[in-house]
Amino acid sequence: MHHSQINADIRKLIAEGTVMPAHPLALTAERELDKTYQRALTRYYIDAGSGGLAVGVHTTQFAIRDVGLYRPVLELAAETAANWTRRPLAMVAGLAGPTNQATTEARTARDIGYHAGLLSLAAMRSASEDEIIAHCTAVAAEIPLVGFYLQPAVGGVILSSRFWQRFASIDNVIAIKIAPFNRYRTLDVLRGVAAAGALDRVALYTGNDDHILLDLMLPFDLRDKGVTTRTYFKGGLLGHWSVWTASAIQQFERCKQARHKDNVPADLLALDARVTDCNSAFFDVANNFHGCIAGCHEILRRQGLLKGLWCLDPNEGLSPGQKEEIDRVTREHADLSDDAFVAANLNKWLA
């Protein structure tokens, strides 16, 4: 499947930038898929105004592949979305593993009806950049790709600007999620895409949960041989946006309106720090992100969108002190939540 085969409205949506929450996994206490709550989450993200969904990604738990849930989870999200809305919705499937596995997952996602694959390179940590490019090229032959620069703390691979230039030169790459949580490495990606002459074709999406709003509103000037190219992040594909999503979409729209203006409101700039403070608790920064999935689950559990914090790995849960940090940020930043929106619609989503 080539990107030219994507529905024009959806291709435009991805290219112009939108909000894509990384979809969590709803489990029962027995750690089996809870279809009622999984559907409710999908409906929540759609009604909140998300432009797309990322399913089978880190927030969905990579371990779904080990327990036979990869296809069922992707199918359930696609079926729920198709039955819940008629507006364009970009469906992105997480792809992982070595080349044989990733290409098989790409074919599965394509056959279900997903528009693109978000390619994790965690399995390629010991590979050379040449080998990783060959891997990406093989997967791109199956489905349009969204690149993924994942932070090393949760399995990512450190990659050069030259790598991102070569990656962006792959014809079937349509976007890159930039999530190294590192400003230097973020710039490496931007410089690489610019060097490939691909800024018009490859949409830049932030996954930097530590600087979400700044990424979305500020210009980036890239210099090459005395020539300046100005670019912007178009949208976000974020685990952080799996919670308080309706509020996040309002923030995204404010950031879009602030782009290309000579002056950005100080209050909007300051809001970045408040969102990052929330993320520090949700993502368990104090414990090197150990509880990042469970932290998001805790917010959804408090709202009634999940029944518990259960992860496929029994060792995954809230870290010591994380609950207290979540208590703090939900109290201090209560105006950033979407509790009222969820409460007003929860019964409908669970029906």
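For residues 322-343, the pairs satisfying ring-ring contact (aromatic ring centres under 6.0 Å, His included) are F341-W349, with sequence neighbours left out. For residues 249-270, no pair satisfies salt bridge (charged side-chain N to carboxylate O under 4.0 Å, His left out), with sequence neighbours left out. Pairs engaging residues 122-161 under the ring-ring contact (aromatic ring centres under 6.0 Å, His included) rule: Y149-W164 [sequence neighbours left out].
At a threshold of 4.5 Å between side-chain heavy atoms, the hydrophobic network of Ile, Leu, Val, Met, Phe, Trp and Tyr places Y232 and L187 in two separate groups. Note on L150 and F233: same hydrophobic cluster, where clusters join Ile, Leu, Val, Met, Phe, Trp and Tyr whose side-chain heavy atoms are under 4.5 Å apart, directly or indirectly. Side-chain heavy atoms closer than 4.5 Å link hydrophobic residues (I, L, V, M, F, W, Y) into clusters, and following such links, even through other members, never connects I293 to L238. V146 and L13 end up in different hydrophobic clusters when Ile, Leu, Val, Met, Phe, Trp and Tyr side chains are linked at under 4.5 Å. Cluster annotation: Y44 and L309 are assigned to the same hydrophobic cluster (Ile/Leu/Val/Met/Phe/Trp/Tyr, side-chain heavy-atom contacts under 4.5 Å, transitive).
Judged as a salt bridge (charged side-chain N to carboxylate O under 4.0 Å, His left out), and not counting sequence neighbours, the contacts of R71 are E75. Applying the salt bridge (charged side-chain N to carboxylate O under 4.0 Å, His left out) criterion to R43, with sequence neighbours excluded, gives no partner residue. Contacts of Y37 classified as ring-ring contact (aromatic ring centres under 6.0 Å, His included), with partners at least two apart in sequence or in another chain: none. With sequence neighbours excluded, the residues that form a side chain to side chain contact (heavy atoms under 4.5 Å, CB included) with S4 are H2. With sequence neighbours excluded, no residue satisfies salt bridge (charged side-chain N to carboxylate O under 4.0 Å, His left out) with D200. The salt bridge (charged side-chain N to carboxylate O under 4.0 Å, His left out) test applied to R125 returns no partner, not counting sequence neighbours. Not counting sequence neighbours, the partners of F181 by the ring-ring contact (aromatic ring centres under 6.0 Å, His included) test are F289. Taking H211 as the reference, R183, L214, D272 meet the side chain to side chain contact (heavy atoms under 4.5 Å, CB included) condition, with sequence neighbours excluded. Looking at residues two or more places apart in sequence or on another chain, you find a side chain to side chain contact (heavy atoms under 4.5 Å, CB included) between K348 and D47, W84, N345.
With values rounded to the nearest 0.5 angstrom, S128 atom OG is found 10.5 Å from F163 atom CZ. To the nearest 0.5 Å, atoms CG (L53) and CG (L89) are separated by 5.0 Å. A distance of 8.5 Å separates CD1 in I133 from CZ in R162, rounded to the nearest 0.5 Å. Put simply, CD1 on I10 and NE2 on H3 are 15.5 Å apart, with the number rounded to the nearest 0.5 Å. Taken to the nearest 0.5 Å, the SG atom of C311 stands 5.0 Å off from the NE2 atom of H297. One distance of note links OG1 of T60 with CZ of R65; it measures 8.0 Å at 0.5 Å rounding.
At least one side-chain heavy atom of L159 sits less than 4.5 Å from a side-chain heavy atom of I132. Annotation: side chain of L145 is not in contact with side chain of I170 (no heavy-atom distance under 4.5 Å). Looking at Q251 and L336, their side chains come closer than 4.5 Å, going by heavy atoms from C-beta outward. Residues T59 and H23 have side chains not in contact (no heavy-atom distance under 4.5 Å, counting atoms from C-beta outward). Between Y45 and V19, the closest side-chain pair of non-hydrogen atoms is not below 4.5 Å. Put simply, the side chain of S160 does not reach to within 4.5 Å of the side chain of D188, judged on heavy atoms.
Between the side chain of D9 and the backbone N or O of P88 there is no donor-acceptor pair closer than 3.5 Å. Without hydrogens or angle criteria, Q322 side chain to A281 main chain gives a donor-acceptor distance under 3.5 Å.
One finds no salt bridge joining D111 and R107 here, because no Lys/Arg side-chain nitrogen approaches an Asp/Glu carboxylate oxygen to under 4.0 Å. Salt-bridge annotation for R328 and E324: absent, with no side-chain N of the basic residue lying under 4.0 Å from a carboxylate O of the acidic one. A salt bridge does not link R166 with E129: none of the charged nitrogens is closer than 4.0 Å to a carboxylate oxygen. Between R110 and E142, at least one side-chain N (NZ, or NE/NH1/NH2) sits under 4.0 Å from a carboxylate O, which counts as a salt bridge.
With L33 as the partner, the side chain to side chain contact (heavy atoms under 4.5 Å, CB included) test is satisfied by one option alone out of L69, I64, V67: L69.
A donor-acceptor contact closer than 3.5 angstrom links the side chains of Q303 and D338.
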